[in-house]
**Q** 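Dropping a structure here in structure tokens format, bear with me for questions.
Because the structure is predicted, anything quoted here is derived from the model rather than measured.
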Amino acid sequence: MDNRRISRVIGLIEASLGDTEPPVVDRLKERDPDPFLILIATLLSLRTKDEVTEKAAERLFSLAKTPEGILALTEEEISRAIYPVGFYRHKAATIRAVCRHLRERFDGRVPADMEKLLSLPGVGRKTANLVLAQGFDKPAICVDTHVHRIVNRLGYVSTRRPDETEAALRRHLPRRFWKVINGLLVAFGRTVCLPVSPHCSRCPVVPLCERVGVTRSR
DNA sequence: AAAACGGGGGC
DNA sequence: GCCCCAGTTTT
């Protein structure tokens, strides 16, 4: 991977997106940049489609917008509010557990610190980095399945481990792109660089891609 | 019936 | 690294 080349790629993708819908968390952030809401919305979005996540987040946030508020709800009430995201027991329990930890260890506030975020139940690197980038405006690199797939497919890394993709990006991606690369590549990955049968014929990055015409994930 | 949906944890 | 998790919509 080469710094100038990756910059060009991101620039081309950014320019080509036009009015493509950004991912949920990026949209919710426009409405309310509260890191806590971004954290909860990210937990909801786990393996769930964006439109569903957005409605679920709105319904849940109409009931409560703070750890204390959410802890006042039962798992049953949370499950009902977030229908139909799926994984109810798991998600409702995780959300309450996160709120409990926030109250007990972090004074009810979301920490702006990777290690502390990772200490929360149900929070891994993807979630932590998204909260740092979108919730705290920090230059964090959030690698989800889209970012991972696309960076691998471009031929810039060759690994099955998202943390290695993240490390490579930290070395080669100019800092100004760090907190936006996730939103850009998710939008790009949903519309053009699909997991299977990507639309290479209308892809702006073809000249810089080493795997034009692939039909599977990488 | 199977795949897809912006992972995480436990071992 | 591998396996498990567990719900709904879409194909």
**Q** Please state how far atom CZ in A:Arg161 lies from atom C1' in B:dG8, giving the value in whole angstrom units.
**A**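 In whole Å, B:dG8 C1' and A:Arg161 CZ are 15 Å from each other.
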**Q** Is it true that A:Arg100 and A:Glu104 have a side-chain N and a carboxylate O under 4.0 angstrom from each other?
**A**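 Here A:Arg100 does not pair with A:Glu104 in a salt bridge, since their nearest N and O are not under 4.0 Å apart.
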**Q** Using a 4.0 Å heavy-atom cut-off across all strands, classify A:His90 as base, sugar-phosphate, or nothing.
**A**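 Since no nucleic acid heavy atom lies under 4.0 Å of A:His90, the category is nothing.
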**Q** Using a strict threshold of under 4.0 Å (side-chain N to carboxylate O), is an ion pair present between A:Arg59 and A:Glu54?
**A**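 The answer is no: the pair does not qualify as a salt bridge.
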**Q** Tell me whether A:Asn129 contacts the main-chain N or O of A:Arg125 through its side chain, where contact means a donor paired with an acceptor under 3.5 Å.
**A**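 Yes, the answer is positive, given that a donor and an acceptor are paired below the 3.5 Å cut-off.
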**Q** Using the closest heavy atom to pick a nucleotide of DNA chain B for each, name whichever of A:Phe87 or A:Leu43 lands nearer the 5' end.
**A**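 Of the two residues, A:Phe87 wins.
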**Q** Considering just the side-chain nitrogens and oxygens of A:Thr48, establish if one lies under 4.0 Å of OP1 or OP2 belonging to C:dT8.
**A**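 So the side chain of A:Thr48 is outside the cut-off, no N or O lying under 4.0 Å from OP1 or OP2 of C:dT8.
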**Q** Under 4.0 Å between a side-chain N or O of A:Thr53 and OP1 or OP2 of B:dC5?
**A**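 Result: no.
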**Q** Identify the residue among A:Arg5, A:Glu210, A:His172 that makes a side-chain hydrogen bond (donor to acceptor under 3.5 Å, both in side chains) with A:Tyr156.
**A**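 The residue from A:Arg5, A:Glu210, A:His172 that satisfies side-chain hydrogen bond (donor to acceptor under 3.5 Å, both in side chains) with A:Tyr156 turns out to be A:Arg5.
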**Q** Which nucleotide, C:dT10, C:dT8, B:dG7, lies nearest any side-chain atom of A:Tyr88?
**A**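 Taking heavy atoms from C-beta onward, the closest nucleotide is C:dT8.
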**Q** Are A:Asp2 and A:Arg4 ion-paired here, with the side-chain N under 4.0 Å from a carboxylate O?
**A**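 No, no charged N to carboxylate O under 4.0 Å.
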**Q** At 4.0 Å (heavy atoms only), tell me whether A:Val147 reaches a base, stays on the sugar-phosphate, or touches nothing.
**A**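 Result for A:Val147 = nothing.
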**Q** Tell me whether the side-chain N/O atoms of A:Tyr83 come closer than 4.0 Å to OP1 or OP2 in C:dG7.
**A**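 Checking C:dG7 against A:Tyr83, no side-chain N or O comes under 4.0 Å of OP1 or OP2.
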**Q** Can you tell me which nucleotide in B:dA4, C:dA6, C:dT8 comes closest to the side chain of A:Pro84?
**A**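 From the listed options, C:dT8 comes nearest.
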**Q** Describe the nucleic acid contact of A:Val123 in one word from base, sugar-phosphate, nothing, applying a heavy-atom distance below 4.0 Å.
**A**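 If one applies the 4.0 Å heavy-atom cut-off, A:Val123 turns out to touch the sugar-phosphate alone, with no base involved.
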**Q** Rounded to whole Å, please give me the gap between CG in A:Leu44 and P in C:dT8.
**A**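 Result: 15 Å.
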**Q** Should the pair A:Asp163-A:Arg170 be classified as a salt bridge under the 4.0 Å nitrogen-to-oxygen rule?
**A**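 Salt bridge absent between A:Asp163 and A:Arg170.
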**Q** Quick check on DNA chain B: between A:Pro22 and A:Pro121, whose nearest nucleotide comes earlier from the 5' end?
**A**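 Looking at the nearest nucleotide for each, A:Pro22 comes out on the 5' side.
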**Q** Any base atoms under 4.0 Å from A:Asn129, or only sugar-phosphate, or nothing? Heavy atoms, all strands.
**A**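 No contact.
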**Q** Under 4.0 Å between a Lys/Arg side-chain N and an Asp/Glu carboxylate O for A:Asp34 and A:Lys29?
**A**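 The answer is no: the pair does not qualify as a salt bridge.
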**Q** Quick one: label A:Thr42 by what it contacts on the DNA or RNA (base, sugar-phosphate, nothing), any heavy atom closer than 4.0 Å.
**A**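 Nothing, no nucleic acid heavy atom in range.
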**Q** Will you find, in the side chains of A:Lys91 and A:Thr48, an N or O donor that is under 3.5 Å from an N or O acceptor?
**A**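 Per modelled atom types, A:Lys91 and A:Thr48 side chains form a pair under 3.5 Å.
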**Q** In whole Å, what separates the P atom of C:dA6 from that of B:dC11?
**A**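 Pairwise P distance, C:dA6 against B:dC11, rounds to 15 Å.
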**Q** Under 4.0 Å, heavy atoms only, any strand: does A:Leu130 hit a base, just the sugar-phosphate, or nothing?
**A**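 Here A:Leu130 touches the bases of the nucleic acid.
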**Q** For Watson-Crick and G-U wobble pairs within 3.5 Å on both distances, what is DNA chain B written in dot-bracket notation, | included for inter-strand pairing?
**A** |||||.|||||
**Q** Report the distance from atom CZ of A:Arg89 to atom P of C:dC4, rounded to the nearest whole Å.
**A**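 So the CZ-P distance, A:Arg89 to C:dC4, works out to 18 Å.
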**Q** Start at the 5' end of DNA chain C and walk down; is the nucleotide closest to A:Glu164 or to A:Val85 reached first?
**A**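 With A:Glu164 and A:Val85 compared, the 5'-side residue is A:Glu164.
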